[in-house]
Amino acid sequence: PDRTSLTCRIWNTDGLIDEGVGLQAFNNGGEVAIGKPLTPQLTGFTSFRANNVTPKATSQNAYSVRSVGLGLRYDTRDLAFNPSTGEMVQANANSSLKLLGASIEFTKLRIQVNKYFSIAKDWALGFKGTIDDAYGTIFDTERYYLGGATTLRGYADGYPIGIGGRRFLGNAELRYNLNTSMQLYIFYDLGKISPGYSTGYFQGDLSWRTGKGVGFKLSTPIGPLRFDYAWGDGNTYNDYTGTSRDSGQGIVHFNIENMF
């Protein structure tokens with residue numbers, strides 16, 4: 001059967017943008033992505049996104065993004081949502097161009113590698129490494145964040161350790177399947193943020209930060225529900241508001257998606 005996929009997204013928001021952090025703005029746009037299997041393990045992707053951002057602060061200019069993207073994914077995982085063997089390697093590139101009507105130009109690259117090992121009945125070990133890099137002018141909707149449920153657990157959601165144009169992430173999980181829909185795991189996360197080669201706002205230090213903890217995942221018809229309890233590395237950091245935060249305190253994260 002033909003497994004070509006079509007994904008469409010449309011949004012129109014009024015409030016804080018960028019994972020709950022950043023400026024108050026009107027943010028509207030849409031994205032269309034097409035995926036086409038090239039072999040049983042290899043899939044190619046292409047996408048187009050149109051995005052308009054109008055900050056409420058009069059001191060900041062409105063901007064528009066018109067980007068095209070290309071990607072490849074190699075996938076040998078046994079299960080997409082709860083893998084115990086195999087690997088997934090994915091590379092993506094997206095460029096916003098004035099030729100397409102954008103007011104800012106940039107290119108964003110991502111390389112992600114996932115690897116899974118079955119170590120005993122109902123036990124699996126998973127690893128993920130991700131590199132994100134941006135070139136050109138990146139404004140609020142394009143910046144990378146470090147810290148929170150989807151990147152580096154153990155740090156408060158909405159108050160990242162850093163914001164910039166280059167990000168390194170490493171994640172490891174030891175998982176135990178209670179049954180076909182429930183899973184327990186322990187994890188260790190590692191991350192770093194820096195300005196990279198992009199121009200735009202940067203906040204944070206250049207050091208590697210870590211987090212660790214325990215979690216529970218429940219598979220449901222609306223997607224996986226994930227509950228994590230995590231600690232950071234114990235060092236203080238200043239969030240984007242300038243508030244000093246203690247990363248040694250336990251944080252509860254909730255999310256409706258797989259970490260990897």
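Residue indices begin at 1 and follow the sequence shown.
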Testing the 3.5 Å rule here: is there a donor-acceptor pair between the side chains of [X] and [Y]?
| X | Y | result |
| --- | --- | --- |
| Asp78 | Ser84 | yes |
| Asn61 | Tyr63 | no |
| Asp157 | Tyr159 | no |
| Thr236 | Ser244 | no |
| Gln183 | Asn177 | yes |
| Asn51 | Asn27 | yes |
| Lys108 | Asn92 | no |
| Arg153 | Tyr155 | no |

Would you indicate whether the side-chain heavy atoms of [Y] and [X] approach each other to under 4.5 Å?
| X | Y | value |
| --- | --- | --- |
| Glu87 | Val113 | no |
| Thr4 | Pro37 | yes |
| Leu169 | Leu190 | no |

* **Lys98 bridged to Glu105 by N-O distance under 4.0 Å** =>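 No, no charged N to carboxylate O under 4.0 Å.
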* Between Glu31 and Arg66, is there a side-chain N and carboxylate O pair less than 4.0 Å apart? ->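 No, this pair does not count.
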* Asked: Is it the case that more than 12 heavy atoms not belonging to Ile111 sit under 6.0 Å from its CD1 atom?
  ->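 No, because the 6.0 Å sphere around CD1 of Ile111 holds 12 heavy atoms or fewer from other groups.
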* Count the heavy atoms of every other residue, nucleotide or ligand shown that sit under 6.0 Å from CG of Leu79, and state whether that count exceeds 12. =>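 Yes, the 6.0 Å shell around CG holds more than 12 heavy atoms from other groups.
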* Asked: Can the positive tip of Arg77 be found less than 6.0 Å from the middle of the six-membered ring of Phe260, inside 45° of the ring normal?
  ->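 Not flagged: Arg77 not positioned over aromatic ring of Phe260.
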* **Passing candidate, side chain to side chain donor-acceptor pair (under 3.5 Å) with Ser247, options Asn235, Thr210, Asp233** =>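 So, applying the side chain to side chain donor-acceptor pair (under 3.5 Å) to Ser247 and each of Asn235, Thr210, Asp233, only Asp233 qualifies.
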* Test side chain to side chain contact (heavy atoms under 4.5 Å, CB included) applied to Tyr185 and Asp228, Val214, Leu174, the passing residue ->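 The passing option is Asp228.
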* Testing Phe227, Phe216, Tyr229 for ring-ring contact (aromatic ring centres under 6.0 Å, His included) with Phe254, which one passes? ->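 With Phe254 as partner, Phe227, Phe216, Tyr229 yield a single ring-ring contact (aromatic ring centres under 6.0 Å, His included), made by Phe227.
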* To do: For side-chain contact (heavy atoms from CB on, under 4.5 Å), just list the numbers for Tyr116 and Leu125, CA-CA rounded to whole Å, side-chain angles, deciding distance to a tenth of an Å, and then say yes or no.
  => CA-CA 6 Å; Tyr116 306 91; Leu125 188 61; over 6 Å; no
